[in-house]
Each structure stands twice: as C-alpha cells, then as structure tokens.
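Single-structure report; data block below.
Protein chains get the first letters and strands the later ones, always in sequence-line order, with residue 1 at the start of each. It should be emphasised that the depicted structure is a prediction, and the values quoted were computed from it without experimental measurement.
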2 protein chains.
Amino acid sequence: MGTKQQITERIGSLLRESKLSVTETRTKILELFMKSSGALEHADFEKLTGKTFDRVTIYRTLQTFLDKGIIHKIPTTDTSVRYALCKSECSEHDHHDHHIHFKCEECGNTICLDETDVPPIHLPKGYAAHTVEVVVSGVCKSCK
Amino acid sequence: MGTKQQITERIGSLLRESKLSVTETRTKILELFMKSSGALEHADFEKLTGKTFDRVTIYRTLQTFLDKGIIHKIPTTDTSVRYALCKSECSEHDHHDHHIHFKCEECGNTICLDETDVPPIHLPKGYAAHTVEVVVSGVCKSCK
DNA sequence: CATAAATTTGCAACAATGTTGCAAATAAAA
DNA sequence: TTTTATTTGCAACATTGTTGCAAATTTATG
C-alpha cells in the first residue's frame, strides 16, 4: 500500500496524467478509494474525515473521474450508484472492465473480482455486444 | 398475443393467483408490460393512455409486483430503475432470472434475451454465488 | 516570487425521484 | 346489499441530482 506520503504522490501523478488540477477534494476522494477495498457510493464521500465537502463538488468530482477513466460505475438494481477505481488498463478513450463485480448480501459491500474474467456471452444473431456487465450476489469470503 | 379480452382475462388470473385484488391500475400496468417488448421504467407508466395514475400508486404497484415475483428489476449504472415481466418459472419465494439483459445503445431499449443462458461464473475460493446478473450493452437487431 | 489566467469550489435555488400517513374510494367477502 | 379488507390519491416531506454564478484555489507566466 505504501506510506501516506507515497499515496499522496501517486495520487498527484494520477491527476496530472489526466490533466486535472491537484486539489484537496480530488486527493481526499482518491485516498478514500485507495484505502477501501470495495466500491463506494455517494454517501461515503460526504462523511470524509475532517472537512466536509459540498454535495455538488462530490458529484462533479466523480463525474470528472468517470470522464477521465479513473473510476467506473457498477450496475445496481436500485437507485444507488456505486463507483470503483479502474485498473491501469483503462484510459479516457478506451475504457474496459474485464472483471466481474460481487455484492455481498451479508455485509452489503461490493467488490471488484479482478482475477475473475467475464465469460464470453453467445448472443442471438443480429446483436452486437459492446460491453458486458456481470454482478454476482451472494456471500463473500469474510462473511462466510 | 391474443385479443384484448383474452389479455384482460389472463391478467385477471395472474393477479388472482398472486392473491391480489384485480384493480384498474394493476390491470393497466400489466397490459403495458405485455404489450411492450422491452423493459419499462417508472416514467413509462405515468403516461399511460387515458387516466393518469398517481406516482405513489405506481411505485406501490411495482413494489407489490416485485414482492409477488410478477416482475423483476434490471441492473443499471444510473439511477433509473427498469422492470420486466418474469417468466412463469418465477414465483414469490423462488425467483430466478436465468436469462441475460441487453441494452441497446442506439434506441435505448432494454430487453430480456430469454433464450440466452447466463454462463457459469467461476468465483474465487470462499465466495458463494446466489444470483448472477448479466447486462450486455451494444446494438440490437432492429438498430443494426 | 508575484501576478494573471484558468480551473475548481460552495452556495442558493431548483428539478426529479422516492416515501409516509391518512382519509376517501374501490374490490372482495359475507 | 352490507360489511370488511384492500387499494388509491392527496398532501407533505425526504432524498438525490442539476445549474448558474461569484468567491476561492490552483496553475501558468513574467
């Protein structure tokens, strides 16, 4: 994981690579992503340690990160929106998630299973697939 | 598809089987589900032909149908919630969707691909799967 | 390092979406 | 037909997401 300072430096590079100003909000939000194992939703960012950020700022920051391919959304069956950090293969114009998502029914956490590939889906004739999203619900390692 | 009257009768049976009163709202909403090929969202129900139903009634009706296993939700990456009719295998206490969902990036429609099975997912050790949701985005038959 | 230019933030105001309690209306049971 | 149970619609509210704009912060420039 690295020291606090190393993480801050890594975040700085990430933001500069994406041609974004290095600001307190962006740094804090990325820190939270790196610290937490699972996917985050909007509410998680409002209770950030110390200073609280305006809801609007958080919405805009998350949207910016989505645009730049730094984070991705995870599909849900409710109105909540969950976000997770992208791996290095993702970029602004070529944004793929080749992993599946797992939502634990016990603890409620959603995590990216990076090692588990999305299986090939055989669609009926006439359909062209662009992206495939897989969300598995069940009981996770920790809750078993 | 059958005549209007046959559909109405089928809807009546479906509701009675689920131990629900046969009301105008429920009938109209089920009619809309049966007429439309794809998944529906809340807004689609508000502009129902003729009489308009209260938003609250629609929310409650959809929730009731979910509880009874008449419809199911489809995961999305935004805040919208999409619903589709369940097939006969679904019931109140045993609710599976063994098909995948396809969202067309052209026309915006979401449809259930009933013939396309969900492939088996090989999870890492320690994870127990309960349900698997697959949503494929791309271009559908009609838009190609 | 100081200043100018560009970007980001926070506030206010609004829009859209979802929820709850309760009385009136409707459907089912007697 | 009358009684009982269920459903509906209204009002009021809670939550979530959006837009314009001025103040604050960050980056670029001399």
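For the side chain to side chain contact (heavy atoms under 4.5 Å, CB included) test, residues two or more places apart in sequence or in another chain that qualify with A:Asp114 are A:Lys87, A:His99, A:Cys112. Here B:His42 pairs with B:Tyr59 under the ring pair (Phe, Tyr, Trp, His ring centres under 6.0 Å) rule; sequence neighbours left out. The side-chain hydrogen bond (donor to acceptor under 3.5 Å, both in side chains) test applied to B:Ser36 returns no partner, not counting sequence neighbours. Partners of A:Asp54 under the side chain to side chain contact (heavy atoms under 4.5 Å, CB included) rule, at least two apart in sequence or in another chain, are A:Val56, A:Thr57. Listed by chain and number, the residues in a side-chain hydrogen bond (donor to acceptor under 3.5 Å, both in side chains) with B:Thr8 amount to none (sequence neighbours excluded). Partners of A:Glu105 according to the side-chain hydrogen bond (donor to acceptor under 3.5 Å, both in side chains) rule, which considers only residues two or more places apart in sequence or in another chain, are B:His130. Annotation: side chain to side chain contact (heavy atoms under 4.5 Å, CB included) contacts of B:Leu20 (sequence neighbours excluded): B:Leu15, B:Ser18, B:Arg26, B:Thr64, B:Phe65, B:Lys68, B:Ile70. The side-chain hydrogen bond (donor to acceptor under 3.5 Å, both in side chains) check on A:Gln63 picks up A:Asp67, with sequence neighbours excluded.
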Where along nucleotides 14-20 of chain C does protein come under 4.0 Å, by heavy atom, of base (B) or sugar-phosphate alone (S), with - for untouched nucleotides? ---BBBB
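Screening residues 9-37 of chain B for ring pair (Phe, Tyr, Trp, His ring centres under 6.0 Å), with sequence neighbours left out, gives B:Phe33-B:Phe45.
Side-chain proximity of A:Thr57 to D:dC10, D:dT8, C:dG10: nearest is C:dG10.
As a whole-Å value, the separation of A:Leu62 CG from D:dT18 C1' is 14 Å. For B:Asp54 and C:dA23, the CG to C1' distance is 14 Å, given to the nearest whole Å. Separating the CG atom of B:Asp67 from the P atom of D:dT7 is a distance of 12 Å, rounded to the nearest angstrom. Between A:Arg26 atom CZ and D:dT26 atom C1' there is a gap of 10 Å when expressed in whole angstrom units. Whole-Å rounding puts the A:Lys19 NZ to C:dA6 C1' distance at 16 Å. What separates CD1 of A:Ile58 from C1' of D:dT15 is a distance of 15 Å, to the nearest Å. The distance between atom CZ of B:Phe65 and atom C1' of D:dT7, rounded to the nearest whole Å, is 12 Å. Atom pair A:Glu41:CD and D:dG17:C1' shows a separation of 15 Å (rounding to whole Å applied).
We find that A:Lys144 and A:Glu106 are not joined by a salt bridge, their nearest charged nitrogen and carboxylate oxygen being 4.0 Å or further apart. One finds a salt bridge joining B:Glu9 and B:Arg16 here, because a Lys/Arg side-chain nitrogen approaches an Asp/Glu carboxylate oxygen to under 4.0 Å.
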Which protein N or O atoms sit under 3.5 Å from an N or O of nucleotides 26-30 of chain C?
from: C:dA28; atom 1: OP1; to: B:Val22; atom 2: N; distance (Å): 3.0

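Taking the screw axis at each terminus of the helix from C:dC1-D:dG30 to C:dA30-D:dT1 from five consecutive base pairs, the angle between the two is 30° to within rounding of 10 degrees.
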